[in-house]
Structure formats: C-alpha cells, structure tokens
Amino acid sequence: VYGVWSKVTEEYKRNKGTMPPLEIHRGANTPTYISEEKLKVALLEVAQLYANYQMPKKVVLFYYSRADLESMTKKAQEIMGPEFQKAYDAHGGPLVKCNVPGDCDDGDAYVGVDGTAYMAVGLSVKPTAQMKSRYEVANAETTEFYHCIQNNFYSLNKSSAPSVNGLSAPNKPPHWLSSSSENTTSLVLANKDSF
C-alpha cells in the first residue's frame, strides 16, 4: 500500500495540472459540505495527477438531494440535450439518481461527444459522520472527475458504447480496475500529505 501511495504522490508532485472550466448547478434543497474554492482545489489535484492525459473541454457538475432529484433531472436534460439519453444508455440508467431509500448518496460521470464532462453528485441531508467526512474532502467529486478523464478517451476517439444487460460496455476496463483506480485517486489525494 505504501508503494502505491508513494508512486501516486510522486506523480502528483511532479506534474502541473490545468483544470477545465467548471459550471456548477445545485438543487435548492441540497446542502453544501465543501466550499467552491476547496472543491476547485480538489479537482485541480486530480487534473495535476493526470496532467499527461487530455482533459475534457468543460465540466458541468449537478449537485442534488433526494428532494431535488426531479428538478435536477430536468435541469440535466435541459443542459445535456441529446447527451442525456446517451449517458443513460452508457450507464444502463440515469446519470442523476439516488440509490439510498429516502435519501441520497450517489455519484456518476459521463463525457459527451463534444468533450463536455457531466458529473452528478447526490448528497445526503442527514449524512453519517463518515459520509460527512467524505463530503468535506470532495471524495465523490474527485472520484467522478477521475471517471471524466477516463471517459474522455471514448469521447476523443468516438468509441462510446452503451452498457449491455446492466454491465459496462465491452470496450471499457473491467469494473474492478475502474473502481480500484477511482478509490486510489480520491483516497491518495485526500491523504497526499501523510501516509
């Protein structure tokens, strides 16, 4: 574990990142757990770690709670246009969703054909202490931004494909690799100053 942490932090420190423009939409009933300034720093750290990869041209972030699920779904449809259905097909379900009964704690990402990245982050209005600590370091946002960088390759080479029977498209990395990479990215960056 120390070897992974060391290599990731070494790469992070070696690089200079550039963050694409960020556009944020937040539901009226959605709490704020991190300032916009701290969020931008956290996302820039991901861009810095992956500085050798081409970034999406823009990032659009949808924040919502269970109470804002319907209104943010409509907002995403309005902003994304035809990409909304393409994101649905790619994921085998909606980008903006809540998987917690009566509450929300969710994240997802998609990059459209024009290189615009869309991130959906559903937040709890009654988070546990562990959830709140994740929210305060932008864990979901850094995870989903990692996926935006990852998915940007499919946008660039026009190879996005829909999910098949609820599983990721066959041209995507295995789920274990994608999940372990997202966790390595978000957890190491959140703890980059101390192993």
Side-chain angles (χ1 to χ4, degrees), residues 20 22-27 30-31 33-34 39 42-43 46-47 50 55-101 103-125 127 131 134-135 137-155 159-187 189:
L22 177 65
E23 178 181 308
I24 300 173
H25 301 274
R26 181 180 296 277
T30 303
Y33 295 102
I34 186 170
L39 169 66
L43 295 177
V46 178
Y50 295 103
M55 294 290 129
K57 73 173 193 178
K58 176 182 178 181
V59 178
V60 179
L61 172 56
F62 303 107
Y63 278 119
Y64 55 94
S65 62
R66 169 75 64 178
D68 295 319
L69 181 60
E70 187 177 331
S71 63
M72 197 51 65
T73 299
K74 288 178 183 172
K75 176 62 96 176
Q77 287 174 314
E78 171 190 317
I79 290 171
M80 294 175 71
E83 295 297 335
F84 185 85
Q85 184 61 46
K86 289 178 186 175
Y88 189 101
D89 295 341
H91 290 95
L95 187 71
V96 178
K97 63 190 176 308
C98 292
N99 290 324
V100 178
D103 201 7
C104 210
D105 183 37
D106 199 89
D108 223 329
Y110 174 78
V111 178
V113 71
D114 72 345
T116 299
Y118 302 97
M119 298 183 349
V121 176
L123 297 171
S124 174
V125 294
M131 289 166 72
R134 286 190 345 249
Y135 292 161
V137 295
N139 181 262
E141 296 91 329
T142 56
T143 294
E144 299 312 330
F145 186 50
Y146 161 76
H147 285 303
C148 290
I149 296 168
Q150 179 187 41
N151 289 328
N152 196 41
F153 287 106
Y154 299 94
S155 173
S159 64
S160 291
S163 65
V164 179
N165 298 324
L167 301 174
S168 294
N171 65 338
K172 293 276 180 110
H175 186 71
W176 65 266
L177 178 59
S178 190
S179 290
S180 62
S181 298
E182 76 180 28
N183 290 328
T184 299
T185 298
S186 61
L187 293 173
L189 287 175

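The two atoms that bring Asn171 and Ser159 nearest to each other are ND2-O, 2.7 Å, heavy atoms only. Closest approach of Leu123 and Pro31 over heavy atoms only: CD1-O, 3.5 Å. Pairing each heavy atom of Ala120 with each of Leu95, the nearest pair is CB-O, 3.4 Å. For the pair Tyr135 and Gly122, the tightest heavy-atom approach, listed with the atom from each and the gap, is OH-O, 4.3 Å. Of all the heavy atoms in His147 and Ala109, the pair that sits closest is CB-CB, 4.0 Å. Taking every heavy atom of both residues into account, Pro173 and Gln150 meet most closely at CG-NE2, 3.6 Å.
Here the options are Asp103, Asp105, Asp106, the test is side chain to side chain donor-acceptor pair (under 3.5 Å), and the partner is Ser124; only Asp103 passes.
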message: What verdict does the side-chain contact (heavy atoms from CB on, under 4.5 Å) test give for Cys148 and Met119, after you've listed the backbone C-alpha separation in whole Å, the side-chain angles of each residue and the deciding distance to 0.1 Å?
response: CA-CA 8 Å; Cys148 290; Met119 298 183 349; 3.4 Å; yes
field: Test log, rule side-chain contact (heavy atoms from CB on, under 4.5 Å), inputs Leu43 and Leu22
entry: CA-CA 10 Å; Leu43 295 177; Leu22 177 65; 4.0 Å; yes
message: For a side-chain contact (heavy atoms from CB on, under 4.5 Å) check, start with the C-alpha distance between Thr116 and Met80, then their side-chain angles and the critical distance, and finish with the verdict.
response: CA-CA 9 Å; Thr116 299; Met80 294 175 71; over 6 Å; no
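In this structure, Phe84 has its ring center no closer than 6.0 Å to that of Tyr118.
In Glu70, the CD atom is not crowded: 12 or fewer heavy atoms of neighbouring residues, nucleotides or ligands sit closer than 6.0 Å.
For Pro94, the side chain to side chain contact (heavy atoms under 4.5 Å, CB included) partners two or more places apart in sequence, or in a different chain, are Tyr88, Lys97. Remark: Lys172 pairs with Asn151, Tyr154, Ser168, Ala169 by the side chain to side chain contact (heavy atoms under 4.5 Å, CB included) rule, at least two apart or across chains.
At a cut-off of 3.5 Å, with distance as the only test, a side-chain donor of Ser65 or Asp68 sits close to an acceptor on the other residue. Thr185 and Tyr50 are linked by a side-chain donor-acceptor pair at a separation below 3.5 angstrom, with hydrogens and angles left out of the test.
The backbone N or O of Ala138 lies less than 3.5 Å from a partner atom in the side chain of Thr142, making a donor-acceptor pair.
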